[in-house]
Structure formats: C-alpha cells, structure tokens
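Below is one structure, written out as structure tokens; the observations come after it.
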There are 2 protein chains.
Amino acid sequence: MSHSPNAEALTQRLADSGLRATPQREVVYDVLLQKRDHPTADEVFARVKSEMPTISLATVYNCLETLVQCDLVRAVNFERGPTRYCPNLRPHAHFHDEKTGRTYDIELPPAILQTVNTVLPSGFDASSVEITFRGQASAKVANRE
Amino acid sequence: MSHSPNAEALTQRLADSGLRATPQREVVYDVLLQKRDHPTADEVFARVKSEMPTISLATVYNCLETLVQCDLVRAVNFERGPTRYCPNLRPHAHFHDEKTGRTYDIELPPAILQTVNTVLPSGFDASSVEITFRGQASAKVANRE
DNA sequence: AGTACGAATTAGAATAATTCTAAGAAGCCA
DNA sequence: TGGCTTCTTAGAATTATTCTAATTCGTACT
C-alpha cells in the first residue's frame, strides 16, 4: 500500500532488463511524473531529498541513467548545460522558450515522423528522430501549465 | 594576400555586429570550413594551434561564441558531452551514427520545415527548428566523406 | 535463522567542459 | 601620441558528471 501508482509498471520494466525496483528508483521515477517539467539531475535530487533525505546525488544520477536504459525516461540535451529528463514516452517534440527558458512538450502526429524521415538519403537508417523548436510561447501558453 | 578566401564574408558579418575581424577569429573560422566534420572546441583548438601556436583555448571558446552570435556557425548539442560546431548555414538536419559517433549533415528542402511547423499549437511561435536523427549509416555513406 | 553473492547505494575524489577574472596587447581615432 | 575600447591570454574557478572503493541490501540457498 506504500507503493506509488507507477510502481508496477516500473517494476515490470526494470525486471525486463534484469534489474530491481528499489525505493530510490521508485522515488526518482515518481518525482519525474509528478511535475512534468524537464528537470536536471540536480533538480531531481532536490525534489527527491524531501521524500528521502538520505539519498545521494550519485544515486540520482544512477537511477536516471537506469530509467533511460529501460526506456522509461528520455534524456534531453538541447543546449550546453546539464542534461534534462523527461518521462513523456509518447512521440513528441520539444519547444524551448528563449525568454523564460521553459520547455514544453509538443505532441507529434505519427504521420509527421514518416514525413520527416523522407528527407533521409538512401544509406541512412534512423532509429529515432528528435525535433526541437526554439522561440517564444505566448503568455496564454505559459499560464496553462 | 594573406587573407583566406572567407575573410571578406567574415569581416562583413563581424562588422555588422560591431566587431573586428581578428587573426584569431579568421583562423578559427577557416579550420571550421576546411574540415566539415563537427569538431568540439578542443578539437578546433588542436587544429588551430598548428597554424597559430600561441592561441589560447579561452580565445578559441571566445571566437566560437562570437561566430555563433554572428550566425556564421551553428552550435550543436545532441548528447551530453562537449558542444560541437558546424559552419553549414543552409537549413539542414543532423544524422548521428550511433556506431561510429560520426555526424552527417542532411539537407532539408524548405517545404519540410513548413510542414514540421504545422505541429505547433497556437501560442507557440518558433524562430528555428532543429532535427536530429539517430541510427546507422551504411558503409557506402561512411566512405563518401 | 544464517550465510553467501551479486546488485545497489553512498560519500567523496577525480575528471571534463566551460566560464570567469584580471592583466596585458592591439587597433582606432581625435 | 594619448586615451579609449576591444580582444586575447593564462590560470583559477565553477559546473556537470563519472569514478572508486567501501558499505548495505536483497535474494536464494541451506
């Protein structure tokens, strides 16, 4: 009963890779799901500490790496600076607001991915595509969050 | 007569931003154009030193930053690790070969950019898009370079 | 229940990439 | 030439991440 609602899915995915569902991994995954911005490892560390004060930063890095390996979380790098983590697994692009520094997920219709893939000359076999927009989001959008 | 063929364009662009065309900036820009892979600042530093042994790493960082500001060079970050620099100004995507670590430029027909922009909900105003593929390039492609 | 063994966590040291600082050199123009 | 600003430089500082080696945990056997 102390399990978070995501614990089962997490346990399953980890088991698929021969890994254990530890309390640290659960709490790291939970904080990512709770606030779906795109936190850095440090920010995750700060949030996790309030629930589990004894956790170490190294463990947060380890857990995030593990979650990325299991395809439960995406690591995102669009500018120089710390890696950010994103628990949204559906195909989506990112919109980076240059004024506020905030990052939004933009859902992608499957058709667009196919279209984008047509630009690849023969000989290039892509397993994934990443699309990142930069620009300005209106105040309306900013408040929605 | 000691000018590189790109010196004029460089001087012009810098002047537009109220900046000077220094020997350091010229040589940094030149090495980027000479070998159109996607070098890190350290790699640029190594190449530049053979032409200008007294240049410092800090200056290479400064010059690269300046060139990016003037839109003569693009800074690229697709994975955790050092920023890479790319003198290709035409709209293009990147293909990152996961086996070799090599990065290829993929030319983009203008139409595709418009199509991609249609995925943005209202309220998002993009000034640029970045598209990055990950996957495998065939041996044929690898040799072409 | 006890123990053996691999997996996971931890603190702190180490490394890598980048930025900062303060001093000096170079270019420009009155 | 003198004075102002821009640029470069070396080295220190900072930031993000990874590594190391020592513990702890979990599971599975007895």
Side-chain angles (χ1 to χ4, degrees), chain A residues 2-3 7 10-11 13-31 38-49 51-70 72-73 75-85 101, chain B residues 2-3 7 10-11 13-31 38-49 51-70 72-73 75-85 101:
Chain A
S2 70
H3 279 323
L10 175 67
T11 303
R13 278 297 184 93
L14 287 166
D16 291 349
S17 308
L19 302 169
R20 293 187 203 143
T22 66
Q24 289 84 349
R25 285 170 180 170
E26 285 184 18
V27 69
V28 166
Y29 189 46
D30 277 355
V31 306
H38 296 76
T40 64
D42 257 346
E43 285 162 355
V44 171
F45 182 47
R47 293 177 198 177
V48 161
K49 265 205 295 204
E51 293 188 49
M52 184 184 275
T54 60
I55 201 170
S56 76
L57 178 58
T59 299
V60 170
Y61 272 102
N62 291 341
C63 291
L64 288 169
E65 176 64 14
T66 300
L67 295 174
V68 169
Q69 295 307 302
C70 299
L72 283 160
V73 166
V76 183
N77 289 90
F78 19 65
E79 49 185 355
R80 91 193 60 178
T83 298
R84 296 177 170 277
Y85 297 88
Chain B
S2 70
H3 279 320
L10 174 67
T11 303
R13 277 298 184 93
L14 288 167
D16 291 349
S17 307
L19 302 169
R20 293 185 202 144
T22 65
Q24 288 86 348
R25 285 171 181 169
E26 285 184 17
V27 70
V28 166
Y29 189 46
D30 277 355
V31 305
H38 296 75
T40 64
D42 258 346
E43 286 162 355
V44 171
F45 182 47
R47 294 176 198 178
V48 160
K49 265 205 295 204
E51 294 188 48
M52 185 185 275
T54 61
I55 198 170
S56 76
L57 178 57
T59 299
V60 170
Y61 272 103
N62 291 341
C63 291
L64 288 169
E65 176 63 13
T66 300
L67 295 173
V68 169
Q69 294 307 302
C70 300
L72 283 160
V73 166
V76 184
N77 289 90
F78 19 65
E79 49 186 354
R80 91 191 60 176
T83 298
R84 295 176 171 277
Y85 296 88

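Small disclaimer: the values here were computed from a predicted structure and weren't measured. Note on naming: letters A, B, ... go to the chains in the order of the sequence lines (proteins, then strands), and numbering restarts at 1 for each one.
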Might you list the N or O atoms of the protein lying below 3.5 Å from N or O atoms in nucleotides 14-17 of chain C, with each pair's distance?
none

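Across all non-hydrogen atoms, the minimal contact from A:Leu14 to A:Arg20 is CD1-O, 3.5 Å. Nearest heavy-atom pair across A:Ala75 and A:Tyr85 is CB-CE2, 4.1 Å. Closest heavy-atom contact between A:Val44 and A:Val60: CG1-CG1, 3.8 Å.
In this structure, A:Leu64 places its CG atom 15 Å from P of C:dA8, rounding to the nearest Å. Whole-Å rounding puts the B:Glu79 CD to D:dT17 C1' distance at 14 Å. Put simply, CD on A:Gln69 is 16 Å from P on C:dA7, counting in whole angstrom units. Distance CG (B:Asn77) to C1' (D:dT15): 15 Å, rounded to an integer number of Å. Atoms CD (B:Glu26) and C1' (C:dG27) sit 14 Å apart, rounded to a whole Å.
For the salt bridge (charged side-chain N to carboxylate O under 4.0 Å, His left out) test, residues two or more places apart in sequence or in another chain that qualify with A:Arg80 are B:Glu65. Residues that satisfy the salt bridge (charged side-chain N to carboxylate O under 4.0 Å, His left out) test with A:Arg47, not counting sequence neighbours, are A:Asp37. Under the ring pair (Phe, Tyr, Trp, His ring centres under 6.0 Å) criterion, A:Phe78 pairs with A:His94, A:His96, sequence neighbours left out.
Summarising the geometry, atom CG belonging to A:Leu64 is positioned 11.5 Å from atom CG belonging to A:Leu72; distances are rounded to the nearest 0.5 Å.
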Could you run through nucleotides 5-10 of chain D and give me one letter per nucleotide, 5' to 3': B if any protein heavy atom sits under 4.0 Å from the base, S if only the sugar-phosphate is that close, - if neither?
BBSSBB
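Residue B:Arg80 places at least one side-chain N or O under 4.0 Å from the OP1 or OP2 atom of D:dT18.
Note on residues 51-61 of chain B: no pairs pass salt bridge (Lys or Arg N to Asp or Glu O under 4.0 Å), not counting sequence neighbours.
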